[in-house]
A.B. asks: 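Next up is a structure, given as C-alpha cells.
In listed order, ligands and their atoms are each counted from 1. Only a predicted model underlies this, so the values are computations on that prediction, with no experimental measurement involved.
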Amino acid sequence: MKLDYVTIFGEYFTPLSLSLVGKAAESGIIEIGVHDLREWTTDLHRTVDDTPVGGGAGMVMKPEPWGLALDDLLADSEGRICLIIPTPSGVPFTQAEAVELSGYDRLIFACGRYEGIDARVHEYARTLVEVREISLGDYVLNGGEVAALAMTEAIVRLLPGVVGNPESLEEESHSGALESLLEYPVYTKPASWRGMDVPEVLLSGHHAKIAQWRREQAENITQQRRPDLLKKKN
Ligand code: SAM
C-alpha cells in the first residue's frame, strides 16, 4: 500500500519509522511519501493560507497549492485510491472504516491546518478520486497530522504481514470475534501480584469456560462504558 501525506509540518510523520508501521515500511508492505504543501506554492513567501471570505476569525488554506498538489500526486493514479481529508466535520473514524481502507492500494491524507482547507478543494478532489472526509472524534485538533497518524496505525496493522500473529487482530475491541464489543480484561503472569489474583477461571485450562467468562466481561464492560455500541448491535 502507498501512503502519502500532504502537510506543512512533515516532521509530524517521523514516528512512521517506528514500531510495526516502521517495520512494514522497511519490509516493503507499505511505501510512505511525506510531501510539503509549500512545494506547490508559487509566491516568494510560499503562502498556504489567507483570510476567510465572508469574514470571521482565523485563516483558511488557499486552494491553489492544494489543487497543484493533487494534480501532481494523482498524475500517477494506478489502482484503488482514496483521498482522506481529516476534519472534525467528517464521518467518525471506526474500525469498520479502517478495515475498508486497508483494502485500498493507495491512501492520500490531506492534512489541513488553521480553519481548514478551502471547500472548493474538496469539491475539485471529488472530480479526480474517491474522497472521504473523516473525523477522529468529537473534538478539535490543531491540524490533520495527528488524525492521519492515528488512522494510519489502525489501517496498517490490518495489512497482511504487519502484526506477527494475525489471530490477535480477531479478538480485539470493535473487531471480528468480539462483534464490536469492547475487549475483556487481559492478564499475564505472575498469577498473584501485590495482593491481586488473576481470575481463577483463566487458570483452569477449560477453554469453553474461559471463552464464556471473557464474553460476559466484554458485555459488562461495553454496557458500562459504551452502551451505545450495544444499541447499535441490537
Ligand atoms: N474550523 C474547523 C471546524 O470547526 O471544523 C476546525 C479546524 S482545525 C483547528 C484544523 C485542522 O485540524 C482541520 O482542518 C483538520 O485537518 C484537523 N482536525 C481537527 N480536529 C480534527 C478531528 N477531530 N478529526 C480529524 N481532523 C481534525
A.B. asks: Is it true that Ile134 lies under 4.0 Å from ligand 1, counting heavy atoms only?
C.D. replies: yes
A.B. asks: Check whether any side-chain N or O of Arg38 sits under 3.5 Å from a backbone N or O of Arg46 as a donor-acceptor pair, and report yes or no.
C.D. replies: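 Judged by distance alone, yes, a pair lies under 3.5 Å.
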A.B. asks: Give a yes or no on whether a salt bridge exists between Glu172 and Arg157, defined as a side-chain N under 4.0 angstrom from a carboxylate O.
C.D. replies: yes
A.B. asks: Show the nearest heavy-atom pair for residues Ala154 and Phe93, with the distance to one decimal.
C.D. replies: CB-CE2, 3.8 Å
A.B. asks: Run the numbers for me: atoms of ligand 1, each under 4.0 Å from some heavy atom of Val140, listed by number.
C.D. replies: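 Those atoms are 8 (S), 9 (C), 20 (N).
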A.B. asks: With atoms numbered from 1 as shown, which atoms in ligand 1 lie under 4.0 angstrom from a non-hydrogen atom of Leu136?
C.D. replies: 22 (C), 23 (N), 24 (N), 25 (C)
A.B. asks: Identify the protein heavy atom lying closest to atom 25 (C) of ligand 1, giving its residue, its atom name and the separation to 0.1 Å.
C.D. replies: Thr87 N, 3.3 Å
A.B. asks: Can you tell me if Glu216 and Gln212 form a side-chain donor-acceptor pair at under 3.5 Å?
C.D. replies: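 Indeed, the side chains of Glu216 and Gln212 share at least one donor-acceptor pair under 3.5 Å.
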A.B. asks: Between ligand 1 and Cys111, is the shortest N or O to N or O distance under 3.5 Å?
C.D. replies: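 No, there is no polar N/O contact under 3.5 Å.
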A.B. asks: Is the shortest distance from atom 4 (O) of ligand 1 to a protein heavy atom below 4.0 Å?
C.D. replies: no
A.B. asks: Only one of Ile155, Asp4, Val156 passes side chain to side chain contact (heavy atoms under 4.5 Å, CB included) with Leu107; say which it is.
C.D. replies: Ile155
A.B. asks: So if I count the atoms of ligand 1 from 1 in the order they appear, which ones are less than 4.0 Å from some heavy atom of Gly137?
C.D. replies: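 That gives atoms 23 (N) of ligand 1.
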A.B. asks: With atom 15 (C) of ligand 1 as the reference point, say which of Ala57, Gly112, Pro86, Gly58 has the nearest heavy atom.
C.D. replies: Pro86
A.B. asks: Do other residues, nucleotides or ligands put more than 12 heavy atoms under 6.0 Å from the CZ atom of Arg120?
C.D. replies: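 Counting other residues, nucleotides and ligands, CZ of Arg120 stays at 12 neighbours or fewer.
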A.B. asks: Under a heavy-atom criterion of less than 4.0 Å, does Tyr114 contact ligand 1?
C.D. replies: yes
A.B. asks: Given Gly116, Pro92, Ala110, Gly143, which has its nearest heavy atom closest to atom 12 (O) of ligand 1?
C.D. replies: Gly143
A.B. asks: Going by atom types alone, do Glu130 and Tyr104 pair a side-chain donor with an acceptor below 3.5 Å?
C.D. replies: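 Short answer, yes.
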A.B. asks: Tell me: protein heavy atom nearest atom 20 (N) of ligand 1, and distance?
C.D. replies: Leu141 N, 2.9 Å
